[in-house]
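Okay, structure first, notes after.
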Amino acid sequence: MTRTPRMLLVLSENWTLTGGRADLPTAVRWAREAEDAGFDSVMVSEHIVLGPDAGADGIMGNPRDYALPGNQDPYTPWPNSLLLLAAIASVTERLRLAAAAVLAPLRHPLLMARELGTLDLISEGRLLVQPTVSWSKDEYGALGVPFGRRGRLLDEHLEVWAKAWGPSPISHESGHYPFRDVYFEPKSHRPEGPRLWFGGQRLHGPVLRRLVRYGHGFHPLGRPAPQELQLLKDEMAAAGRDVADLEMIGGTQAVFPDDRSPADLGAALASVPEQLEQGFTTFCIKPNQFIDDPDGVGAFCRDVMRRVS
């Protein structure tokens, strides 16, 4: 490969390697091992609760696969992502911390800004945040948040966060989160706040609009079509921004031989050179898709870096 890609270790959904309760310190150890191996970042996703709609389309065949809308057991563990990343921040020095699928509409934006800003300060600017609205009506219903308004709520979060990172006092007029003359201190590590990534199953209107206005990274679910990448380039240019300033996050596609076995690592990494040519620079990989030994994650990370360097 002509360029060494930045590798991102996905720490969520590795429950074939470790449990979701007392084994959480194991995930912290994996992050430290990933940093030692040369990985660029780690990622933790979230749900607050799951309901019956989590498995409405049938639970995934191979438990190593990624959790997608409607394919997961409602008993799937989802520990608090920001607390887990804070623990990881305390034992690492350069590893970037990606809080993926942050379900912003399920909190108040000032509370969310406080949590994100504090974690960004603890990690000295290593925080990456991918806010989203998610898909589970049951989750929204349990927390009393209108599912149909989730897009507008996320937009207001982004507006409030931008104000919170700026000078105090701040005010916000809206039907959802009105407040006036509040002082938000301390700020985040960077004056403009943590790095924001946006993505999803397709680059539709709201995602594209948020990405162009606020985004520092594009993290699609799957491989975007060429026309989507061109649309992104055109919309960024129209807004006076260069698409080259966006971090492009790609992935590795695990192909399982059956519902019991892990996938072949070499085959999963085979698409990385092509993605590099398309402009992608950072690549997600989930260890339990390829190994079954919880004590082998460090060696796995070193193997990945040897293969891509």
Subject >> Within 6.0 Å of NZ in Lys187, more than 12 heavy atoms from elsewhere >> reply: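 Yes, enclosed.
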Original post:
Under 6.0 Å from the CZ atom of Arg149, do we count more than 12 heavy atoms belonging to anything else shown?
Top reply: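 No, not enclosed.
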Exam field: side chain [X] to backbone [Y], donor-acceptor pair closer than 3.5 Å:
X      : Y      : answer
Asn80  : Leu83  : yes
Glu35  : Leu95  : yes
Asp120 : Thr118 : no
Thr18  : Trp15  : no
Trp30  : Pro25  : no
Asp53  : Asp138 : yes
Lys163 : Ser171 : yes
Ser45  : Ala101 : no
Ser309 : Arg306 : no
Asn14  : Asn288 : yes

Would you say [Y] ends up clustered with [X] if hydrophobic residues are merged whenever their side chains have heavy atoms under 4.5 Å apart, either directly or through other cluster members?
X      : Y      : value
Phe184 : Val129 : yes
Ile291 : Tyr66  : no
Tyr214 : Leu153 : yes
Leu84  : Leu50  : no
Met112 : Trp197 : no

Could you tell me which non-hydrogen atom of [X] sits nearest to which non-hydrogen atom of [Y], and how far apart they are?
X      : Y      : value
Leu11  : Val42  : CD1-CB, 3.8 Å
Phe256 : Pro262 : CD2-C, 4.0 Å
Leu154 : Ala104 : CD1-CB, 3.9 Å
Leu9   : Pro287 : CD1-CD, 3.6 Å
Leu229 : Pro224 : CD2-CG, 3.8 Å
Pro105 : Val133 : CG-CG1, 4.3 Å

**OP:** For Glu274 and Arg223, run salt bridge (charged side-chain N to carboxylate O under 4.0 Å, His left out): C-alpha distance rounded to whole Å, both residues' side-chain angles, the deciding distance at 0.1 Å, then the answer.
**Re:** CA-CA 11 Å; Glu274 179 187 353; Arg223 299 284 294 276; 3.4 Å; yes
Just by distance, no angles: are the side chains of [X] and [Y] close enough, under 3.5 Å, to form a donor-acceptor pair?
X      : Y      : result
Ser261 : Asp258 : yes
His172 : Glu156 : yes
Arg126 : Thr92  : yes
Gln253 : Ser271 : no
Ser168 : Glu185 : yes
Trp78  : Gln72  : yes

**OP:** May I have all residue pairs that pass salt bridge (charged side-chain N to carboxylate O under 4.0 Å, His left out) and include part of residues 105-114, sequence neighbours excluded?
**Re:**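 For residues 105-114, and leaving out neighbouring residues, the salt bridge (charged side-chain N to carboxylate O under 4.0 Å, His left out) pairs sorted by first residue read Glu46-Arg107.
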Salt bridge check: are [X] and [Y] linked by an N-O gap of less than 4.0 Å?
X      : Y      : answer
Arg64  : Glu13  : no
Arg29  : Asp295 : yes
Arg241 : Asp245 : no
Arg32  : Glu93  : no
Glu124 : Arg190 : no

Working to the nearest 0.5 angstrom, can you tell me the gap between [X] [atom1] and [Y] [atom2]?
X      : Y      : atom1 : atom2 : answer
His157 : Leu111 : NE2   : CG    : 9.0 Å
Leu269 : Ile285 : CG    : CD1   : 5.0 Å
Glu159 : Glu173 : CD    : CD    : 12.0 Å
Leu203 : Arg209 : CG    : CZ    : 12.0 Å
Met248 : Thr282 : CE    : OG1   : 10.5 Å
Phe198 : Phe218 : CZ    : CZ    : 12.0 Å

Subject >> Set of side chain to side chain contact (heavy atoms under 4.5 Å, CB included) partners for Leu68, sequence neighbours left out >> reply: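 Listed in chain order: Asn71, Leu221.
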**OP:** Would you mind listing every ring pair (Phe, Tyr, Trp, His ring centres under 6.0 Å) that reaches into residues 98-150, with sequence neighbours excluded?
**Re:**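 Counting only pairs at least two positions apart or across chains, the ring pair (Phe, Tyr, Trp, His ring centres under 6.0 Å) contacts touching residues 98-150 are His47-Trp135, His108-Tyr177, Tyr140-Phe147.
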Original post:
Going through the distances and angles, do Phe280 and Val272 end up as a side-chain contact (heavy atoms from CB on, under 4.5 Å)?
Top reply: CA-CA 9 Å; Phe280 289 85; Val272 170; over 6 Å; no
